Amino acid sequence: MKRTAAKKGEQGRYAPLSYFQLMEVTLRELLVGKGLFSEDDVRRQVADMASRTPGRGAAVVARAWTDASYKERLLKDGSAACEELGFDVKPMRLVVVENTPRVHNVIVCTLCSCYPRPLLGIPPDWYKSRAYRSRMVREPRKVLREFSLKFGREIQIRVHDSTADMRYLVLPMRPAGTEGWTEARLASLVTRDSMIGVALPRVPRR
Amino acid sequence: MAEPRFRTGDRVKVVKAYPPGHVRTPYYIRGCTGEIERYCGSFANPEELAQMRSGLPPVPLYRVRFPQEQVWPDYRGERADVVEIEIFEHWLEPA
């Protein structure tokens, strides 16, 4: 369903609830009515979901860039390494895939829209779109070009289809020109899209 | 819990079957041959969970790596490109 933001000068539009919105409201009201949980529990869960942002993933990446032994642990057991930094990612089973000068990784879920929410928050709409889900696995180089990423023949593209119990995070390459940067400053370069694999961290021009 | 039948590097073929119900093996990969990238641990069978059963005993789950040009005969990328997918053991046979 497409939601349109009210344009300047418009009064706002009202539309009847969609099938699934109506189902959600009905089920929620029933469960609250039966006392299985409260409206406040729902509000708290929504707030908790909204509090997870890609900043968590960025902190994990920046640590891996500055601490070789942490990076090794992260690639071996992603979930345990996130917990080391105090991020409660349970019950997610995280697999971290590393970009190198020869390999570029990108994440998709062709069956639904599995996403490492505890580290990246709520997925962007395009990640859940049919176009992204079907085309990224079928013609990844073309889709990556549409994200303005062009890779040479010498680079292998690895598409990770998140079909079952694992969740994935791309560990991008640390950009040149960041020698001596603090972890916090490095983390500021790591965007959500670079951890999905549709962008690269870039040092802003002065 | 069942011991995993396959090891990293083993060649495997995805069963070409079309059972009804909830299945976590995408259509496009059925019948394709790849290589075990790693064993991920064992998990409750999602096909059983979807039928409100326990899904136990847990089924070994693997990440399997497939060459793209094998998955898509008209693939327009590079020969080295791959797709990696999680597949449950009962969907795999030795290749």
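As the structure is a computational prediction, the values presented were derived from the model and not from experiment. Per chain, numbering begins at 1; letters A, B, ... match sequence-line order.
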Item to check | B/I85 versus chain A, the contacting section by heavy-atom distance below 4.5 Å | outcome: both

Checklist entry - Out of B/E86, B/R65, B/R63, which one pairs with A/H160 under the side-chain hydrogen bond (donor to acceptor under 3.5 Å, both in side chains) rule? => result B/R63

Item to check | N/O donor-acceptor pair under 3.5 Å between B/W72 side chain and A/V137 backbone | outcome: yes

Please list every donor-acceptor pair under 3.5 Å in which a side-chain atom of residues 49-56 of chain B meets a protein atom from a residue at least two apart or in another chain.
unit_1: B/R53; atom_1: NE; unit_2: B/E48; atom_2: OE1; d: 2.7
unit_1: B/S54; atom_1: OG; unit_2: B/L56; atom_2: N; d: 3.1

Checklist entry - Which members of residues 162-169 of chain A, sorted by number, sit under 4.5 angstrom from chain B on a heavy-atom basis? => result A/S162, A/T163, A/A164, A/D165, A/M166, A/Y168

Checklist entry - With a 4.5 angstrom heavy-atom cut-off, which part of B/V23 approaches chain A: side chain, backbone, both or neither? => result backbone

Checklist entry - Looking only at heavy atoms, which two atoms of A/S129 and A/Y132 are closest? And how far apart? => result OG-N, 3.2 Å

Item to check | Heavy-atom pair count under 4.5 Å with chain A, highest-scoring of B/Y28, B/F88, B/Y27, B/Y75 | outcome: B/Y28

Checklist entry - By a 4.5 Å heavy-atom criterion (distance strictly below it), what part of B/R38 contacts chain A: side chain, backbone, both, or neither? => result side chain

Checklist entry - With the threshold set at 4.0 Å, does a side-chain nitrogen-carboxylate oxygen contact exist between A/E83 and A/K90? => result yes

Item to check | Closest approach of A/M136 to A/V159 (non-hydrogen atoms, all atoms of both residues) | outcome: O-CG2, 3.7 Å

Item to check | Electrostatic pair B/E89-B/R5, nearest N-O below 4.0 angstrom | outcome: no

Next on the checklist: I'd like to know if A/R135 and A/E146 make a salt bridge, using a cut-off of under 4.0 Å between side-chain N and carboxylate O.
Outcome noted: yes

Item to check | Contacting moiety of A/R138, where chain B heavy atoms sit under 4.5 Å | outcome: both

Item to check | Top of B/A80, B/A44, B/P46 for chain A proximity - count of heavy-atom pairs under 4.5 angstrom | outcome: B/A80

Next on the checklist: If we count only N and O atoms by modelled type, under 3.5 Å, do the side chains of A/Q45 and A/R43 hold a donor and an acceptor together?
Outcome noted: no

Checklist entry - If contact means a heavy atom pair closer than 4.5 Å, which residues of residues 98-109 of chain A contact chain B? => result none

Next on the checklist: If you define the side chain from C-beta out and look only at heavy atoms, does anything of A/L119 sit under 4.5 Å from A/M92?
Outcome noted: yes

Next on the checklist: Any side-chain to backbone donor/acceptor pair from B/R30 onto B/A17? Under 3.5 Å, distance only.
Outcome noted: yes

Item to check | Option in B/V71, B/V82, B/I87 with maximal non-hydrogen atom pairs under 4.5 Å from chain A | outcome: B/V82

Run the side-chain donor-acceptor check on residues 27-35 of chain A: report pairs under 3.5 Å with partners two or more places apart or on a different chain.
unit_1: A/R28; atom_1: NE; unit_2: A/E24; atom_2: OE2; d: 2.6
unit_1: A/R28; atom_1: NH2; unit_2: A/E24; atom_2: OE1; d: 3.3
unit_1: A/R28; atom_1: NH2; unit_2: A/E24; atom_2: OE2; d: 3.4

Checklist entry - What pair of heavy atoms forms the shortest contact from A/A187 to A/A58, and how long is it? => result O-CB, 3.6 Å

Checklist entry - Tell me, side chain or backbone of B/R24 under 4.5 Å from chain A's heavy atoms, or both, or neither? => result both

Item to check | Contact class of A/I157 relative to chain B, heavy atoms under 4.5 angstrom | outcome: both

Next on the checklist: For A/C82 versus A/L94, what's the shortest heavy-atom pair and its separation?
Outcome noted: SG-CD2, 3.7 Å

